[in-house]
Amino acid sequence: MTQIEINRKDLIEALRIGGSMSGKSKAIAILDYAKIVIKGNVLKITSSDTECCIAHKMVMGYSVEGEHSFVVNPRDLSNALKSLKGDDVVMWINDSYLELKHAKGTMAIPTMPADEFPLPTLESECTIVEFESERLFKLLNRGKDFMSADELHPIMCGVYLFVNNECYGVASTDTHKLYTESVPMVSDKEVNAIVPAKAIPVLLDVINGTNSVSISFGSRSIVVKSDRSMVSVTLPTGRFPNVNAVIPKESIIECEIDK
């Protein structure tokens, strides 16, 4: 049995981010839960739906001895924490449950062993690109409003992220309207990826509030890393439409309108 004193509100927020992909897969029962690993002064929460996996770190106020890992339902734990009062809560880690100590007694949350929780296999050969978080956040956030919801065309159900020697940017379309925007950047790399729709909210959570993020572009997946989070996303197969070929280079009529 291990005792941990932890900030209640910080843990609720960490569970919201790190446990955001739990319960999204109907094929593997354990993915209804999130994996929690506590080592030193770091608590890491991981959840997955097999195609998108997020791991989020929370720094605690003190260190614990050894390493402790377990699988728990993040919503059950979060709801239990929300029902309590005060800033800090004492949590006891037992073999098959968590015990939350509070003023009026205790609350038990069942857990499972963490060794069967599946984790993604990261590609060894990737192209890594650094992005300014605020600009990338705005591009993805605007791009998600124009992507398709037609699952018969999965290539359109996402935001196309591209990098070349002049800029980086996004494009999205539902075949009726097209959105594209880019930011100037000097780079010797040329990569691209289609970020699936279900991964966009997770990425926005990870990118928001950080200074910079790195994205590792592989042939089958991308890995987005910030100072406290990592998201691995399996890419859909197929090619996104050639945006440059769709947008006309010249127009007979051009006008400016006060929006």
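One is the number of the first residue; the rest follow in order along the sequence. Since the model is a prediction, treat every value here as computed from it, not as a measurement.
- Atom NZ of Lys189 sits about 13.5 Å away from atom CG of Asn164, to the nearest 0.5 Å.
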Next item on the list: Assess whether side chain to side chain contact (heavy atoms under 4.5 Å, CB included) is satisfied between Met185 and Val129, documenting all intermediate values.
Entry: CA-CA 11 Å; Met185 181 180 70; Val129 182; 4.2 Å; yes

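- Taken together through direct or relayed side-chain contacts under 4.5 Å among Ile, Leu, Val, Met, Phe, Trp and Tyr, Val195 and Val223 form parts of separate hydrophobic clusters.
- Annotation for Pro196 and Pro236: closest pair CG-CD, 3.9 Å, computed over non-hydrogen atoms.
- Hydrophobic clustering, with ILVMFWY side chains joined whenever heavy atoms are under 4.5 angstrom apart, keeps Phe162 apart from Leu235.
- The line from OG1 of Thr111 to CG of Asp95 is 8.0 Å long, rounded to the nearest 0.5 Å.
- Around the CD atom of Glu116, the shell of radius 6.0 Å holds no more than 12 heavy atoms that belong to other residues, nucleotides or ligands.
- In Lys39, the NZ atom is not crowded: 12 or fewer heavy atoms of neighbouring residues, nucleotides or ligands sit closer than 6.0 Å.
- The backbone N or O of Lys82 sits nowhere less than 3.5 Å from a side-chain atom of Asn79 that would complete a donor-acceptor pair.
- Grouping Ile, Leu, Val, Met, Phe, Trp and Tyr residues whose side-chain heavy atoms lie under 4.5 Å apart, directly or via other members, places Met112 in a hydrophobic cluster with Ile28, Ile30, Leu31, Tyr33, Val71, Phe117, Leu119.
- Looking at Val183 and Glu132, their side chains never come closer than 4.5 Å, going by heavy atoms from C-beta outward.
- The only option from Asn94, Ile93, Ile109 that meets the side chain to side chain contact (heavy atoms under 4.5 Å, CB included) definition with Glu99 turns out to be Asn94.
- In terms of hydrophobic clustering, with Ile, Leu, Val, Met, Phe, Trp and Tyr side chains grouped at heavy-atom distances under 4.5 Å, Val231 and Phe217 are assigned to a common cluster.
- Other residues, nucleotides and ligands contribute at most 12 non-hydrogen atoms within 6.0 Å of the CD atom of Glu166.
- Every pair passing ring-ring contact (aromatic ring centres under 6.0 Å, His included) that includes a residue from residues 220-257 is listed here, sequence neighbours excluded: Tyr160-Phe240.
- You'll find the side chain of Leu15 reaches within 4.5 Å of the side chain of Leu81, heavy atoms only.
- Inter-residue side-chain proximity for Val213 and Ser226 is flagged as met; some heavy-atom pair is nearer than 4.5 Å.
- The number of heavy-atom neighbours closer than 6.0 Å to CG of Asn211, taken from other residues, nucleotides and ligands shown, is 12 or below.
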Margin query: Set out, in order, the CA-CA distance, both residues' side-chain angles and the distance that settles salt bridge (Lys or Arg N to Asp or Glu O under 4.0 Å) for Asp145 and Arg142, then state yes or no.
Written below: CA-CA 6 Å; Asp145 295 332; Arg142 287 197 282 260; over 6 Å; no

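- Residue Glu125 places its CD atom among 12 or fewer non-hydrogen atoms of other residues, nucleotides or ligands, all under 6.0 Å distant.
- In terms of hydrophobic clustering, with Ile, Leu, Val, Met, Phe, Trp and Tyr side chains grouped at heavy-atom distances under 4.5 Å, Val90 and Leu84 are assigned to different clusters.
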Cut-off 3.5 Å, no hydrogens considered: what does the side-chain donor-acceptor table look like for residues 198-208, sequence neighbours left out?
unit_1 : atom_1 : unit_2 : atom_2 : d
Lys198 : NZ     : Asp49  : OD2    : 2.9
Lys198 : NZ     : Glu51  : OE1    : 2.7
Asp205 : OD1    : Arg16  : NH2    : 3.2
Asp205 : OD2    : Arg16  : NH1    : 2.9

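- Proximity of Val163 to Asn192: side-chain heavy atoms (C-beta onward) are nowhere separated by under 4.5 Å.
- Residues Leu122 and Ser232 meet the side-chain proximity criterion, which asks for heavy atoms closer than 4.5 Å.
- Heavy-atom minimum distance, Pro241 versus Met156: CG-CE, 3.6 Å.
- Atom CD1 in Ile54 sits 8.5 Å away from atom CE in Met21 (nearest 0.5 Å).
- Taking the side chain as every heavy atom from C-beta outward, Thr234 and Thr50 never approach each other to under 4.5 Å.
- Within the 4.5 Å cutoff, side-chain heavy atoms of Leu98 are placed close to those of Leu77.
- Listed here is the closest heavy atom pair of Gly169 and Leu139: CA-CD1, 4.2 Å.
- The main-chain N or O of Val37 is never found under 3.5 Å from a side-chain atom of Ser69 such that the two would form a donor-acceptor pair.
- For the atom pair Phe131 CZ and Phe137 CZ, the distance stands at 16.0 Å (nearest 0.5 Å).
- Among residue pairs with one or both ends in residues 55-65, those qualifying as side chain to side chain donor-acceptor pair (under 3.5 Å) are His56-Ser229; sequence neighbours excluded.
- Residues passing the salt bridge (Lys or Arg N to Asp or Glu O under 4.0 Å) test with Glu134 are Lys138, sequence neighbours excluded.
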Item checked: side chain to side chain contact (heavy atoms under 4.5 Å, CB included) evaluation trace for Thr173 with Ser148 -> CA-CA 6 Å; Thr173 180; Ser148 175; over 6 Å; no

Next item on the list: Would you sort out whether Ile6 and Met58 count as a side chain to side chain contact (heavy atoms under 4.5 Å, CB included), showing the intermediate values?
Entry: CA-CA 10 Å; Ile6 196 165; Met58 168 187 167; 3.5 Å; yes

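- In this structure, Met147 CE and Ile155 CD1 are separated by 14.0 Å, a value rounded to the nearest 0.5 Å.
- The nearest pair of heavy atoms linking Glu123 to Arg220 is OE2-N, 2.9 Å.
- Nearest approach of Gly18 to Ser47, heavy atoms of both residues: O-OG, 2.6 Å.
- By the rule that hydrophobic residues join a cluster once side-chain heavy atoms approach within less than 4.5 Å of another member, Ile38 and Leu11 end up as members of one cluster.
- Using a 4.5 Å cut-off on side-chain heavy atoms (C-beta onward), Val72 and Ile36 make contact.
- Of the possible polar contacts, one joining the Ser172 side chain to the Gly143 backbone as a donor-acceptor pair under 3.5 Å is found.
- Here ring-ring contact (aromatic ring centres under 6.0 Å, His included) pairs that include residues 169-193, with residues two or more places apart or in two chains, are Phe146-Tyr179.
- Note: Asp10 CG to Arg8 CZ = 10.5 Å, rounded to the nearest 0.5 Å.
- Under a 3.5 Å cut-off, the side chain of Ser133 and the backbone N or O of Thr210 do form a donor-acceptor pair.
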Next item on the list: Report the C-alpha separation of Tyr168 and Arg135 in whole Å, then their side-chain angles, then the decisive distance to 0.1 Å, and conclude whether the side chain to side chain contact (heavy atoms under 4.5 Å, CB included) test is met.
Entry: CA-CA 10 Å; Tyr168 71 88; Arg135 287 186 172 184; 3.4 Å; yes

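- When every heavy atom of Gly19 is checked against every heavy atom of Ile45, the shortest pair comes out as N-CG2, 3.9 Å.
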